[in-house]
Amino acid sequence: MNFESKLSEVSKRIKSSIIRELLKVANNPGMISFGGGVPDPDTFPRNKLAEISKEILENEHRFVLQYGTTEGDVELKKGYINLLKKYDGIDWVKDENMVITVGSQQALYLVGMTLLDKNSYCGVSRPIYLGAASAFSQRAPKFINIPLTKDGLDLEYLERELEKLYEIGEIDKFKFVYAISNFHNPGGVTMNLEKRKKLVELAEKYDFLIVEDDPYGALRFEGNKVPSIYSLAPNRTILLNTFSKVLAPGLRLGVIIGDEFLIRKITMTKQAADLCSPSLTQRLAARYIQRYDLYDEIAPTIKLYGEKKDTMMKAIEENLGDIKDIDWTRPEGGLFTWITLPKGIDTMEMFEMAKMEKVLYIPGEAFYVDEPDRNTMRISFCLPSHEEIHEGMRRLRRVIDKYAKEKGIEI
Ligand SMILES: Cc1ncc(COP(=O)(O)O)c(C=O)c1O
């Protein structure tokens, strides 16, 4: 049978994630991987979670083993509302402004399904988080690719594009700007307050929504916290958050916060997808954040990542710092830095050499929905040890030298 002929247009377009393909070799002996973007499993509070799991299975089995509401566990929502008050000074969020999702990845998918049509426009960073690109692409919208600079999106570029849409009478089809406000994946950069305010101004002027994705905000090692875009414009911002980086990604729990009408619509989309998020992990997270101070608990993890970031910055400087035109971002939190190598270096092509030299990174071309900048790569510093970070960078330098020599590129 010709299965291909039975596929939907969307399904025909979908490709398997190149990250998954590339990282199949990550566990080979002796390999040092800067590829994986996952938290360090040793940081998961497994004993505390084991204890609570036992308690809720014994005492709350009528809830935790049963279907729940699509909106999500009220206990978890209550706990999250408290966190927003305590840590962000946000005191207006009610149950109706919130839906619990299966990770932020589902939130991105639901937002795309609820807001985008084939002829819609949405503004995204260039480079873009791969998962957002795949989620939004399900609706085949037209992407406005906004360059990412050291302090967030290039809003002058965005404004010029919005003005063009206005002039051709298409501005009402521009639905939202997708922004990772803190410690961008893959870029490592944070949007400054001035830009957050300017983005809100543009959203008001051209009447669009902002989708603020903030999985890493709590993982700040240095610098001052910047108010969320949501706190500046709660009426036009949909805030996505997740327990993946502050508790454990295996729980698969995210949260969408926004205007009541939009949350109701997103909840209806979710109902069609999965009826409800898992009752068991929702109650587990709810009891965990009731019993423990989430942010006190992750303080050691933040310290650990911060120290590894410092080691990574030092290792890049020492090993790659003299390469012509090299540039890398200096994250104040999160898991990633983004390296731009001299023009002419194709990091996807170079990947084979890197594998032989036993060092892995993610070629930048994975993070574009238009013609990629092929001389870029994403580097994660949270999993390798300090020694592996130094050794991995030494290996990467050997790879770059060898590749550049073979291609006749001066570096
Ligand atoms: C920017 C961004 N958004 C969303 C997600 C999805 O996270 P999860 O589905 O685990 O909540 C990730 C995961 O790495 C991410 O980096």
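In each ligand, atom 1 is the first atom listed, and ligand 1 is the first ligand listed. Nothing fancy with the numbering, it's 1 onward along the sequence. Both backbone and side-chain heavy atoms feed into the values below; hydrogens, waters and symmetry mates do not.
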Considering only the protein, which heavy-atom contact is closest to [atom], and what is its distance?
{"atom": "atom 10 (O) of ligand 1", "answer": "Ser244 OG, 2.6 Å"}
{"atom": "atom 14 (O) of ligand 1", "answer": "Lys245 NZ, 3.0 Å"}
{"atom": "atom 1 (C) of ligand 1", "answer": "Asp213 OD2, 3.3 Å"}

Can you tell me which portion of [X] lies within the under-4.0 Å heavy-atom range of ligand 1? Options are side chain, backbone, both, or neither.
{"X": "Pro249", "result": "neither"}
{"X": "Gln106", "result": "neither"}
{"X": "Tyr216", "result": "side chain"}

Taking the six-membered ring of [Y] as reference, does the NZ or CZ atom of [X] fall below 6.0 Å from its centre and within a 45° cone about the axis?
{"X": "Lys245", "Y": "Tyr216", "value": "no"}
{"X": "Arg283", "Y": "Phe63", "value": "yes"}
{"X": "Lys175", "Y": "Tyr121", "value": "no"}

Quiz item: For the rings on Tyr295 and Tyr87, is their centre-to-centre separation under 6.0 Å?
Solution: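 Yes, the ring centres sit under 6.0 Å apart.
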Quiz item: Which atoms form the tightest heavy-atom contact between Ala26 and Leu360, and what is the distance?
Solution: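 Scanning both residues completely, I find the closest heavy atoms to be CA-CD1, 3.5 Å.
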Self-check item: Pick from Asn185, Asn182, Ile128, Thr242: the one approaching atom 11 (O) of ligand 1 most closely through a non-hydrogen atom
Solution: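 Result: the heavy atom closest to atom 11 (O) of ligand 1 is in Thr242.
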